[in-house]
A.B. asks: 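Questions regarding the structure given below will be posed in turn.
Proteins come first, then strands; the chains are lettered A, B, ... in the order of their sequence lines, and each starts at number 1.
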Amino acid sequence: MTAVIRLEGRRRGVLRRSWDYLASFDGLAKTAMWTLAVLFTAALLGRLFGLGGSPTAIVGPRLAAPSLAYPAGTDSLGRSLLPRLLEGVMTTLLLSAVAVLLTAVIATLCGIIAGYRGGRTGGVIMRVGDILYAFPAIVLAILVAAVVGPGYIAALCSIVLVTVPLMTRMVGQATRLVAQRDFITSAVISGVSTPVIMTRHVLRNISGTIAVQGTYALSVAILVEGGLSFLGYGVQLPGSSLGLLVQEGTLYMVKAPWLILLPGIILVIAILAINLIGDSLRDRFEPREARSLE
Amino acid sequence: MSAILDIQDVTVEYSTGGTIVRALDGASLAVRAGETVGLVGESGSGKSTLGSLVGRLLPGNASYPEGRVLVDGHDVLQLGVKELRTLRREQLGFIPQDPISALDPTMRIGRQLELALRGLPNDRAALVGHLERVRMREPERVLRLFPHEISGGMAQRIVIAMTMARSPRILIADEPTAALDSNVRSEVTKLVFGLARDAGTTVLWLSHDLRSVGRWCERVAVMYAGRVVEDGPAEQVLGSPTHPYTVALAAADPAGVQPGERIETSSVDVATLAESFRDDERAAKRRAKTRKTDAESADDPEPAPEEEVVAR
Amino acid sequence: MSETILELDRVTTVFRTGWGRGRSELVAMREVSLDVRAGETLGLVGESGSGKSTTASVALGLREPTSGTVRFLGEPIGGPKQRRARRGLIQTVPQNPHWSLDPRMPVGLSVAEPLAALDGSRLTAHAERVAELLRQVRLDPALAARFPHELSGGQRQRIAIARALVTNPRFIVFDEAVSALDVSVQAQILNLIIDLQAQHGFGALFISHDLAAVRYLAHRIAVMRLGEIVELADTARFYETPEHEYSRQLLEAL
């Protein structure tokens with residue numbers, strides 16, 4: 001009578017499903033995703049094919065306004081700004097993404113343990129998080145840079161230290177909610193081991209929170225990287241990052257405003273786009289329907 | 001005869017995520033002044049929608065393509081915002097299911113009562129008087145408490161005091177005792193009907209429990225799939241129900257079963273019908289909607305409107 | 001007389017909260033004694049705060065009592081460490097149909113989970129047994145591939161019952177398992193529990209604040225109030241001559 005009953009649910013191609021998933025977002029979030037994709041592709045192409053020339057070569061007059069030869073103008077040393085911008089975007093995005101991935105792993109681990117175990121272990125994890133959270137982000141970042149020495153690693157560590165506490169806290173709260181659910185109790189009574197419960201039930205049910213918080217952490221990361229490089233503790237010359245470019249630009253704000261405007265605008269756009277995606281994800285995972293009474 | 005509340009063939013639809021769900025499908029109910037009417041229905045029958053509709057208190061995604069709701073001759077669905085507010089304030093009273101969430105958690109009980117009584121005498125003595133009217137012990141002390149410091153039963157009494165202070169013409173009570181323990185339940189019910197009788201208030205009592213409604217209300221109306229399917233004096237509806245749904249509902253109640261007897265669920269086809277019905281609706285929604293699987297995992301204390309609703 | 005499955009012997013459970021001067025104690029269970037035999041349902045009635053939920057978690061071995069002993073099949077039930085030894089023998093059907101199943105898993109996998117925990121196999125390895133169980137709770141086996149939000153409350157609770165039965169347990173706790181359901185659906189689930197018990201012979205503790213449902217289903221009824229059992233009697237006797245004043249009140253409220 002009944003043929004084979006498939007327990008896995010409906011399976012479709014991974015690509016098809018991810019595309020459907022992306023297509024299900026609202027217009028604003030889609031625009032934001034396209035913007036990020038364009039930024040990233042441009043940066044990638046720039047790095048791969050040397051779009052706009054070498055980022056370090058001195059090619060023309062100093063502080064030349066944007067023109068056909070130098071689409072984004074030149075900087076104080078006569079280097080073309082466009083390749084430097086592309087390199088900066090790449091550095092900033094990659095650095096932030098790697099840092100946020102690290103954050104996600106650490107925060108998910110700590111958060112699940114703290115939220116599920118509760119008790120003393122959970123308390124200690126949460127308090128350490130609180131203490132870190134109480135430090136102003138930039139002070140924390142400078143502290144790290146002072147210890148590790150300025151550079152990529154310092155930027156990476158600072159971003160992780162700044163974003164981990166909040167995310168741990170959110171993951172911990174989400175876990176605590178899930179852990180109270182009846183299906184967890186049923187699993188415990190059935191003798192399912194704790195690690196299996198954590199991965200099979202808890203992790204799946206908090207994946208939304210992780211995605212949302214990860215996205216917000218990414219925008220914070222870009223901001224922290226910018227601030228750190230701006231202060232000179234992050235990416236060092238001759239490298240390039242959006243924060244570093246903004247810092248350079250401030251020196252010639254009046255004479256060559258494009259030097260600060262272009263990286264600044266890109267920074268703002270990137271953060272805005274990421275926050276929009278985060279909002280959209282949050283609406284999807286944590287709908288708080290506002291009920292209006294006309 | 002003059003009906004103080006006259007609901008004529010009302011249709012209410014909710015639009016959620018591109019689909020339209022019909023919550024009321026030509027529901028009609030006329031209530032005379034001073035009557036006590038029990039409106040019985042299970043989840044999805046549309047009774048809460050009907051109750052809220054009397055004060056036009058539906059969420060923003062609701063629309064009313066057909067029908068009229070007359071309160072004392074005024075068509076509620078056509079009133080302007082100002083008239084509507086006056087009507088709500090002076091004619092209608094609502095008692096919600098969850099009394100604690102009806103109170104402002106940041107305000108002492110006394111202050112909330114004071115605000116609720118604006119325009120009426122609201123000095124200390126009057127407040128105490130209102131609390132004594134709902135048989136509150138130690139009213140002076142209660143006035144100084146915050147909502148989280150009182151029990152569900154006390155909170156419900158306070159909400160009742162606030163609502164009945166204005167002697168509304170029509171009182172709509174949406175399962176006001178469902179969240180209370182059974183010993184408090186009968187006290188609170190007695191209180192509401194007593195106060196309503198004294199004030200000459202018409203009562204529309206929403207409940208899923210056919211039996212308890214029969215005990216308190218003169219008249220019982222049974223709702224199913226967005227319509228009033230049976231309506232009549234309580235003894236008649238309970239004693240000799242005519243609609244198959246009412247029959248099934250009465251038979252399914254374990255309290256009416258003698259020891260050793262078995263509930264005949266084979267006759268409760270309606271329940272299975274209702275389930276498959278909701279099932280179809282879910283399937284339809286799934287097809288229409290882009291998958292919204294993830295919204296389900298979120299912590300949603302209030303059921304979304306679509307959960308409450310049955311469509312055609 | 002049939003075998004005693006679960007026995008609570010003068011069990012007291014005290015909750016302590018706060019410290020220093022703010023420290024307070026709450027006695028959730030006071031000298032509670034009861035037993036559940038094979039093939040029998042013991043109904044436990046009480047209002048919120050009467051201690052019946054605490055009794056449930058003690059009976060499930062989730063909480064160790066402050067004093068007194070809990071015996072399962074004649075052996076002390078012990079702490080969480082012994083839980084692995086008796087896994088599959090005790091199950092529960094929880095209260096809220098909305099949270100009784102993992103919203104992220106096809107319900108068939110939820111039903112398979114206790115089996116997989118028994119022998120460490122994969123969740124997907126038990127499709128046949130899952131289909132059999134779904135038929136037993138009178139659901140179409142094809143529903144196994146659905147997610148909880150695609151089912152009605154009654155269907156979800158049937159799935160939860162299927163999951164509880166899948167390991168052939170000796171003892172099942174129904175913790176307000178029908179309270180959130182509509183009356184018409186509730187009647188079907190109650191009948192289903194009665195039929196399944198006749199078929200499988202498990203002992204059951206049926207906890208509810210609704211005396212009508214308990215009376216319909218249970219062989220014996222225990223009335224709990226403020227942490228104490230005030231009356232424990234056969235259902236028939238309880239109908240006729242409830243002894244405690246509080247039991248009479250409950251009956252009259254019906």
Side-chain angles (χ1 to χ4, degrees), chain B residues 40-45 151-152 179-186 208-212 245 248-266 268-279 281-283 285-286 291-300 303 307, chain C residues 45-50 98-99 102-105 138-140 143 146-155 158 178-192 194-195 208-218 225 234-240 246 249-254:
Chain B
V40 182
E42 303 194 302
S43 55
S45 63
S151 71
L180 304 180
D181 281 335
S182 63
N183 53 346
V184 193
R185 208 174 285 174
S186 59
H208 65 280
D209 187 352
L210 195 59
R211 189 163 25 90
S212 78
Y245 179 69
L249 202 59
D253 184 357
V257 178
Q258 290 306 303
E261 221 173 56
R262 188 182 165 94
I263 303 173
E264 275 306 321
T265 44
S266 56
V268 194
D269 284 328
V270 191
T272 353
L273 195 117
E275 286 217 348
S276 64
F277 198 69
R278 276 173 230 161
D279 223 40
E281 178 209 330
R282 278 191 171 84
K285 257 197 260 175
R286 257 201 317 284
R291 272 168 57 85
K292 231 186 162 182
T293 324
D294 307 307
E296 188 71 16
S297 72
D299 183 34
D300 193 2
E307 278 282 317
Chain C
V45 203
E47 318 252 277
S48 53
S50 62
H98 197 77
W99 293 115
D102 188 334
R104 293 293 176 116
M105 257 210 249
R138 288 167 217 150
L139 285 178
D140 180 356
L143 292 185
R146 296 225 192 150
F147 284 89
H149 69 271
E150 300 173 321
L151 302 176
S152 69
Q155 286 171 329
R158 280 169 198 264
V178 296
S179 307
L181 301 174
D182 276 332
V183 184
S184 50
V185 184
Q186 178 186 320
Q188 295 174 337
I189 302 285
L190 289 175
N191 278 347
L192 179 70
I194 293 176
D195 295 347
S208 179
H209 66 276
D210 180 8
L211 183 60
V214 171
R215 192 174 69 169
Y216 176 62
L217 183 96
R225 190 191 190 192
D234 284 347
T235 305
R237 224 268 288 123
F238 189 83
Y239 263 100
E240 308 288 321
Y246 181 65
Q249 267 180 34
L250 283 179
L251 267 178
E252 274 165 24
L254 275 189

A.B. asks: What are the two closest non-hydrogen atoms of Pro254(B) and Arg215(C), and how far apart are they?
C.D. replies: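 Scanning both residues, the minimum pair turns out to be O-NH2, 4.4 Å.
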A.B. asks: With rounding to the nearest 0.5 Å, note down the distance linking CZ in Arg185(B) to NE2 in His209(C).
C.D. replies: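 Between atom CZ of Arg185(B) and atom NE2 of His209(C) there are 5.5 Å.
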A.B. asks: Any idea which heavy atoms bring Ala187(C) and Ala252(B) closest together, and the distance?
C.D. replies: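 Shortest heavy-atom contact: CB-O, 3.5 Å.
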A.B. asks: With a 4.5 angstrom heavy-atom cut-off, which part of Leu217(C) approaches chain B: side chain, backbone, both or neither?
C.D. replies: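 Neither part.
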A.B. asks: Minimum heavy-atom separation for Glu42(B) and Val183(C), please, with both atom names.
C.D. replies: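 For Glu42(B) versus Val183(C), the nearest heavy atoms are OE2-N, 3.0 Å.
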